[in-house]
Amino acid sequence: MSGSLWLKPPATTPPLAAPPRPRPAPAVPAGPGPAPDPLDELAARLDAFVAAAVHPDEIAALLESDGMTDAHIRLTYGRNDSFALAEDLYARVERCHPEPPPRTRGGRVRAEGLGGCLLRGLVFALPGLAYVLAGPLLAAGPGRYGLPAGTVPLLAGAVTGWVWNQALSHRAHTWLGLGDRAAAARALLTGAPAGALAGTAVALAAARDGELPAAVFAAGQSLYLAAATVLLVLGRERALLAALSPLAGALPALRWDLPDPFRAGLPALSLAAAVLVAARALRPGTARGAAGRGGPPLGTSVPYGLFGLGSGLLVLDAGLGESPAAGAGAVIALTLSMGPAEWLLHRFRGGSLARLRTLTTAREFRRAVTGTLVLCLGGYLTVLLALALAATLLWPGAPWPAPERLLTLLLLGTVLWLGLLLQAFGAVLGAAAVCLLAAAAQTLEPAAGPLAAGGAAAVLAVLTRALLVRPTAHRL
């Protein structure tokens with residue numbers, strides 16, 4: 001079973017902002033007295049739209065679509081053109097951006113608090129204990145490509161699962177965003193078993209003499225990835241955590257040798273529990289008519305699979321340290337950090353929307369969003385560094401990480417967090433391309449790891465700022 005680092009649902013599904021709700025039109029003075037200002041009348045008529053606009057250009061586009069020419073604007077409102085009139089309307093009407101809607105699960109409000117995000121981080125990391133238990137049983141003898149025996153089929157199956165299940169979770173979340181939970185379950189019901197078969201086939205094809213036990217473990221890993229995708233997409237994190245609880249028996253294996261039946265039985269028990277819970281969660285997908293309409297094109301989910309491939313390869317490269325303990329510590333830190341990373345993504349989105357409702361100029365908004373971005377990224381890197389140091393202290397015999405390895409880990413964390421942020425705002429193709437290029441560079445030339453991670457982090461930082469300082473990026 002795998003740590004399933006990239007099985008968390010894509011962050012693009014919940015809308016960032018709901019459609020503007022109508023507001024009561026401000027009263028326009030009537031009766032005897034001075035004639036009303038035409039600009040006040042126009043502001044009252046367009047109040048709801050102007051209040052929710054994130055930039056005067058949106059208002060100018062509406063005015064032009066209503067057929068207002070520059071000549072009419074000069075004659076009626078005394079402004080030079082639609083852009084000048086839009087700026088006056090934008091300044092006159094108080095901002096009233098709606099709050100982002102809460103995510104729901106089965107019709108109930110689902111909080112995106114720190115506790116829930118930390119729970120998902122724990123769920124992402126716990127399956128790694130299966131490797132601690134079953135590691136001595138997987139293969140013996142020399143490995144390939146400088147890796148321990150049995151590693152190649154395990155990695156092949158894991159990467160296949162990351163790619164497939166990231167694309168599948170995006171498609172299922174798209175159905176959830178359309179309000180069709182049965183169709184989402186149907187997509188998972190057909191896609192999850194296919195992903196398990198694909199991962200198993202790739203692992204078996206990659207196995208060589210003496211690696212059959214590792215290939216069998218990889219088949220179980222693929223089946224677990226499929227079940228975990230179902231449960232995480234459908235919001236059943238607590239059920240998945242309960243299914244993973246037998247793996248806590250791996251903790252004694254860190255210091256003492258355990259009987260082989262014990263090492264094999266606990267992962268098998270946890271796998272069986274996860275599959276049974278996922279099958280129960282998929283019952284709505286078996287209902288007649290659950291397939292619904294055609295749904296979004298399949299091609300829209302491909303970039304999410306590519307992002308899963310690139311980010312998965314980067315994490316695997318971080319796990320190939322100078323020693324197994326050092327590599328495991330890096331992977332554990334990255335996996336556990338995904339919980340705080342998700343919470344900080346929500347904090348960034350919430351902070352950006354709050355500033356969208358209170359700031360009136362694009363320059364103020366750019367400065368505020370840039371500051372929020374720096375604070376959230378800095379907070380994530382602080383958590384990642386603390387987790388890496390804690391893993392080093394708690395792992396028996398783990399060497400203290402060299403400064404250059406810590407720097408590479410932080411650069412990799414920057415790449416992953418910014419990539420997830422871009423994915424959350426729909427710019428997944430750019431994030432996937434950068435991660436794939438960085439992963440290719442590290443695979444072809446391992447010594448170029450810090451340079452590749454640093455270059456990818458710099459490119460993603462530029463892309464992120466260019467996209468997210470625009471007010472229109474924070475509205476659907």
Side-chain angles (χ1 to χ4, degrees), residues 12-104 109 177-179 346 348-373 424-427 465-476:
T12 54
T13 301
L16 294 179
R21 291 174 290 183
R23 300 198 309 165
V28 178
D37 185 350
L39 192 57
D40 286 337
E41 293 182 335
L42 182 63
R45 179 164 63 88
L46 302 179
D47 177 78
F49 182 87
V50 174
V54 299
H55 195 275
D57 288 354
E58 288 187 51
I59 306 170
L62 176 67
L63 297 175
E64 292 173 358
S65 68
D66 281 347
M68 288 193 185
T69 64
D70 290 347
H72 171 76
I73 290 172
R74 283 193 294 269
L75 179 64
T76 307
Y77 303 105
R79 305 299 187 272
N80 290 331
D81 51 33
S82 60
F83 293 99
L85 178 59
E87 289 177 358
D88 278 356
L89 290 171
Y90 188 81
R92 250 171 218 251
V93 177
E94 181 183 358
R95 306 268 67 73
C96 185
H97 300 288
E99 295 287 343
R103 298 179 66 179
T104 60
V109 174
L178 295 173
H346 288 295
F348 175 79
R349 296 168 74 180
S352 300
L353 286 175
R355 283 154 180 78
L356 196 62
R357 291 188 293 271
T358 57
L359 300 179
T360 58
T361 68
R363 182 178 181 182
E364 289 177 334
F365 183 78
R366 284 195 299 270
R367 294 178 60 184
V369 168
T370 301
T372 304
L373 178 63
F425 282 86
R465 190 180 185 281
L467 171 67
L468 299 185
V469 297
R470 295 181 298 174
T472 50
H474 299 265
R475 277 188 59 193
L476 294 182

Distance in Å, [X] [atom1] paired with [Y] [atom2], rounded so as to fall on 0.5 Å steps:
X: M68; Y: Y77; atom1: CE; atom2: OH; value: 4.0 Å
X: T69; Y: L75; atom1: OG1; atom2: CG; value: 9.0 Å
X: I73; Y: S82; atom1: CD1; atom2: OG; value: 5.0 Å
X: H72; Y: L85; atom1: NE2; atom2: CG; value: 9.0 Å
X: T372; Y: R349; atom1: OG1; atom2: CZ; value: 14.5 Å
X: R465; Y: L373; atom1: CZ; atom2: CG; value: 9.0 Å

Considering only heavy atoms from C-beta outward, does the side chain of R79 approach that of L39 to under 4.5 Å?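 Heavy-atom side-chain distance check passes, below 4.5 Å.
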
Check for a donor-acceptor pair, side chain of R74 on one end and backbone N or O of N80 on the other, with a separation under 3.5 Å.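 Yes, because the side chain of R74 sits within donor-acceptor range (under 3.5 Å) of the backbone of N80.
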
How far apart are the closest heavy atoms of A427 and L467, and which atoms are they?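 Smallest interatomic distance, heavy atoms only, reads CB-CD2, 3.9 Å.
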
